[in-house]
Amino acid sequence: MTRPIASSYKYYDFVMAAFVAVLLCSNLIGAAKAAQVTLPLFGNVTFGAGVLFFPVSYIFGDILTEVYGYGRDRRVIWAGFGALVFAALMSVVVLSLTPASDPFNSEYQTHLNAVFGNTPRIIFGSMIAFWCGSFVNSYVMAKMKVAMEGRKLWARVVGSTVCGEFVDSSLFYVIAFYGIWPHDQLVKVIIAQYVLKTGWEIVMTPVTYRIVGFLKRMENEDYYDRDTNFNPFKLKT
């Protein structure tokens with residue numbers, strides 16, 4: 001099967017743009033806030049606010065791999081990774097600049113530091129976890145599609161999510177907080193974040209079905225990665 005060039009797709013670029021936007025917003029806006037919710041049987045559960053939106057990037061990953069194939073999703077993952085690197089660099093530069101000597105900017109600098117002044121370990125952990133988790137998610141999705149001959153999309157969505165989110169959650173918290181948080185607290189947070197992220201994506205499976213069905217019809221594409229080079233560093237589709 002010959003794959004069309006990107007310009008022949010109607011919606012691929014829009015899906016890529018939406019993916020990058022969700023990724024940036026979930027890392028920049030929600031990452032600094034710890035929220036709390038009271039759940040039956042579990043009591044008070046504390047979680048990062050970004051967990052409500054970050055899993056959407058994995059939903060986009062499932063959609064891209066299912067419709068366009070691993071190679072096209074690989075390009076999107078690298079686009080998102082590049083956007084994260086630029087955002088981290090921009091944050092460092094902006095925060096390092098001396099603010100104007102007036103009360104407003106002095107106070108504003110304090111707020112900027114609180115929201116965007118993540119430690120290098122957290123920034124590094126976030127980028128590495130995203131990169132590894134996204135590629136695991138896409139790889140499992142592509143391999144399962146071929147093995148299952150395109151049947152049971154729900155199983156591929158759940159299976160890839162379970163694997164990708166496990167890698168993501170484990171890497172991020174270990175890189176960012178190992179040796180800082182007590183071991184038992186670290187394990188509890190990893191489990192809580194993993195369950196919340198995975199559960200949220202499973203709940204959204206009907207939406208994934210609708211978007212996948214729409215894109216397959218509109219793009220006249222349903223790619224199977226039978227002869228794909230799964231090297232994550234190869235950008236050619």
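Note that this is a predicted model, so its numbers are computed, not measured. For the numbers below, each heavy atom of this structure counts, side chains included, while hydrogens, waters and symmetry mates do not.
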Under the side chain to side chain donor-acceptor pair (under 3.5 Å) test, residues paired with N229 that sit two or more places apart: none
Centroid separation Y68 to Y223 less than 6.0 Å: no
Partners meeting side-chain contact (heavy atoms from CB on, under 4.5 Å) with V92 (sequence neighbours left out): none
By ring-ring contact (aromatic ring centres under 6.0 Å, His included) - contacts of F104 (at least two apart): Y108
Check: L153 and M141 side chains under 4.5 Å, non-hydrogen atoms: yes
Rounded distance (nearest 0.5 Å) linking atom CG of D102 with atom CG of N105: 4.0 Å
Cation-pi check, R72 onto Y12 ring (under 6.0 Å, within 45° of axis): yes
Path from W131 to L235 over hydrophobic side-chain contacts below 4.5 Å: yes
Under 3.5 Å side-chain donor-acceptor pair for D62 and T208: no
Any residue meeting ring-ring contact (aromatic ring centres under 6.0 Å, His included) with H111, in chain and number order, not counting sequence neighbours: none
Separation of E149 CD from Y224 OH (nearest 0.5 Å): 8.0 Å
Shared hydrophobic cluster, V85 / L23 (ILVMFWY, side-chain heavy atoms < 4.5 Å): yes
Salt bridge (charged side-chain N to carboxylate O under 4.0 Å, His left out) contacts touching residues 193-216 (sequence neighbours left out): E66-K216, D168-K197, K216-D222
V56-M204 co-clustered via ILVMFWY side chain contacts under 4.5 Å: yes
Whether F233 and W78 hold their rings parallel, tilted or perpendicular, with breakpoints at 30° and 60°: tilted
Heavy-atom side-chain contact between L215 and V15 under 4.5 Å: yes
ILVMFWY cluster, V76 and V212 together (side-chain gap under 4.5 Å): yes
Same apolar cluster (I L V M F W Y, side chains within < 4.5 Å links), F54/V207: yes
Flag, side chain of S138 to backbone of F135, donor-acceptor distance under 3.5 Å: no
Over all atoms of both residues, closest heavy-atom pair of A87 and L24: CB-CD2, 4.0 Å
Residue pairs passing the side-chain hydrogen bond (donor to acceptor under 3.5 Å, both in side chains) test where at least one lies in residues 87-99, sequence neighbours excluded: none
Within-4.5 Å side-chain heavy-atom neighbours: L64 and I77: no
Which atom of C132 lies closest to which atom of L171, heavy atoms considered: CB-CD1, 3.6 Å
Rounded distance (nearest 0.5 Å) linking atom NZ of K143 with atom OG of S160: 14.5 Å
Under 3.5 Å donor-acceptor, R156 side chain and R151 backbone: yes
Y178 atom OH, neighbour heavy-atom count above 12 within 6.0 Å: no
Set of residues satisfying side-chain contact (heavy atoms from CB on, under 4.5 Å) with respect to K152, sequence neighbours excluded: M148, W154, A155
Listed once per pair and sorted, the side-chain hydrogen bond (donor to acceptor under 3.5 Å, both in side chains) pairs that draw on residues 79-89, sequence neighbours left out: none
Heavy-atom closest pair, residues V20 and A83: CG1-CB, 3.7 Å
Donor-acceptor contact present, side-chain R217 to main-chain G213, <3.5 Å: yes
Distance (rounded to the nearest 0.5 Å) between I63 CD1 and D73 CG: 10.5 Å
R226 side chain vs V146 backbone, donor-acceptor pair below 3.5 Å: no
Qualifying residues under ring-ring contact (aromatic ring centres under 6.0 Å, His included), relative to F86, sequence neighbours excluded: none
Non-hydrogen atoms of G61 and N137 that approach each other most closely: C-ND2, 4.1 Å
Heavy-atom pair with the smallest gap, counting every atom of S57 and V22: N-CG1, 4.0 Å
Minimum-distance pair of heavy atoms, taken over all atoms of Y58 and S134: OH-N, 3.5 Å
Side chain to side chain donor-acceptor pair (under 3.5 Å) partners of S126, counting only residues at least two apart: N27
Residue pairs, two or more places apart or on separate chains, that pass ring pair (Phe, Tyr, Trp, His ring centres under 6.0 Å) and touch residues 194-222: Y11-F214, F166-Y194
For F19, ring-ring contact (aromatic ring centres under 6.0 Å, His included) partners two or more places apart: none
Test item: side-chain donor near acceptor, T198 and T161, under 3.5 Å: no
Sidechain-backbone polar pair: D225 side chain, Y70 backbone, donor-acceptor under 3.5 Å: yes
Distance, nearest 0.5 Å, that separates OH of Y139 from OG1 of T228: 11.0 Å
